[in-house]
Number of protein chains: 2
Amino acid sequence: MVAEIDPAVLMGDRALLGRSSTADRVAGILRTRISEGHLLPGTRLSEDAIGQALGVSRNTLREAFRLLTHERLLSHELNRGVFVRTLTVQDVVDIYQVRRLIECAAVRSLTVAPYDLSQAEAAVAEGEKATSDGAWADLGTANIHFHHAVVALAGSARLNELMQGVLAELRLVFHAMDNPRVFHEPYLPRNREILSALKAANIIKAELLLTSYLDDAEQQLVARYSERIGTERRP
Amino acid sequence: MVAEIDPAVLMGDRALLGRSSTADRVAGILRTRISEGHLLPGTRLSEDAIGQALGVSRNTLREAFRLLTHERLLSHELNRGVFVRTLTVQDVVDIYQVRRLIECAAVRSLTVAPYDLSQAEAAVAEGEKATSDGAWADLGTANIHFHHAVVALAGSARLNELMQGVLAELRLVFHAMDNPRVFHEPYLPRNREILSALKAANIIKAELLLTSYLDDAEQQLVARYSERIGTERRP
DNA sequence: CAGTAGAGGATCGTTGAACAATCCGACAAG
DNA sequence: CTTGTCGGATTGTTCAACGATCCTCTACTG
């Protein structure tokens, strides 16, 4: 009898194999364009124009739109087309409500000692590198990575996905901040502080730090965002 | 000047008005068919057959499939088609991990006294009516409604939507229970107990009850579901 | 002059057909 | 029993077309 192959070995390769589909690739392109701020909120995405630009059919493009609409990056208005989503202040408040509940719950769920903080550690390092490079947009990304890593501690695929979506939405709001440095930089040391508390297995402290972090960010963002929206009424 | 109409009055009608789109309606039909158990997990949904049966084009049907795939009710395998999702035991575990975190977090977030328990109250009543009618499938639905109401206490649209999806997935698992009565009935009084604790503003007790509820349900479901899957290997 | 009605153009929603790519099952060969 | 191959069936993708809907601009009426 020949030695059999452990099926688990091949599991990782499955993703490489299965991922194709033009619609997915188109969605990926648009997703990065949006999250990097090249397509600003409110922009209308014409099926004809984009389909022609990317060289895909309208049907395929519509499937890509559908994908991004469910990720809340696009909003779809019947017979009017799709637009890059414009978040309301209420959306921002809801996003932070979700973050408060889920991130804190993820931290509080850490009872067994050996939990893996390497992702969170890496995200903080990423943020410190971005700071020393003066790449403030990357700093925002690193902060997002850190909080994603915090949620990942709960070990739930569904929660990870939700958080990924929520944080992608949050990026749309970040683009309304005209000075990313003054907004993002103060939060980097706070992330490291949270990480330290987690390392020390001081769950209570970590949760308190996290809560105040989110409260402050929300307050700052809402204040800045609401006045920003007020000035943008006239295109 | 003609008397003006209060805009709020028309808000309710908007949903009726705005909802069109053949794809959405098709998705709705399939969604209820699946959640009510007429389409069992593993069933393959042929584009040709269903498109012809519902009288819609293949393209439109594919948009509907895309919708339901993102709701995790269908699984889409490239070049093979879409199937009614078959959850793994790992999925069930993840679903209960999500429920534990979110439902408990929602309860714990109740600090201000006047929170609205009418939805939860109604769900328990719905369950008691289903029990007295002997409608055990409705009892399962009522239990789901109760826990949805618990999450709704957090007041977050995004959390509500997540929970709706997770509970819809859970319905797929429930259909694998051959005796819905013995599975669902014991949980009804526990829901009422949780409701009572909430009414008395005893948050800590409510959270403890909720945790043990979810632990028990998960354990029972995993045990029953894993052996069920084992027997279904041969079609 | 203001306000409304209507025509026109642009875009979307949906359909049907077509072709290539891929998968599945059966059958034959080793 | 396993492996290779073939043909049918289904999906992935594109294209063209038509009706429906919305937006804008014009012209008419008071």
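A, B, ... follow the sequence lines: proteins, then strands. Residue 1 opens every chain.
- Ring planes of A:Tyr213 and A:His147: tilted class, angle from 30 to 60°.
- Nucleotides of DNA chain D nearest to B:Asn59 and A:Asn79 differ in position, and the one nearer the 5' end is that of B:Asn59.
- A:Ser57 has no side-chain polar atom (N or O) that falls below the 4.0 Å cut-off from OP1 or OP2 of D:dT13.
- Screening A:Asp91, A:Val92, A:Thr86 for a side chain to side chain contact (heavy atoms under 4.5 Å, CB included) involving A:Thr88 leaves a single residue, A:Asp91.
- At whole-Å resolution of the value, CG in A:Leu78 and P in D:dT21 are 9 Å apart.
- For the pair A:Leu61 CG and D:dT13 C1', the interatomic distance rounds to 13 Å; values are reported in whole Å.
- The interatomic distance linking A:Arg62 (CZ) with C:dC12 (C1') rounds to 7 Å, in whole Å.
- Dashed line: the shortest gap from a side-chain N or O of B:Arg44 to OP1 or OP2 of D:dT11 is under 4.0 Å.
- A salt bridge does not link A:Glu103 to A:Arg100: none of the charged nitrogens lies less than 4.0 Å from a carboxylate oxygen.
- Rounded to whole angstrom, the span from the CD1 atom of B:Ile50 across to the C1' atom of D:dT10 amounts to 14 Å.
- Computed from coordinates, the B:Gln52 CD to D:dT10 C1' distance equals 14 Å when rounded to whole Å.
- As rounded to whole Å, 7 Å separates atom P of C:dC12 from atom CG of A:Asp48.
- Under 4.0 Å is where a charged nitrogen must lie from a carboxylate oxygen, and between A:Arg158 and B:Glu169 at least one such pair does.
- Contact of B:Arg80 with D:dG12 (side chain to base): no donor-acceptor pair of N or O atoms is detected under 3.5 Å.
- B:Leu54 has its CG atom 11 Å from the P atom of C:dT15, to the nearest Å.
- For the OP1/OP2 pair of C:dT15 and a distance below 4.0 Å, the side-chain nitrogens and oxygens of B:Thr60 include at least one atom meeting the criterion.
- At whole-Å resolution of the value, CZ in B:Arg58 and P in C:dG16 are 12 Å apart.
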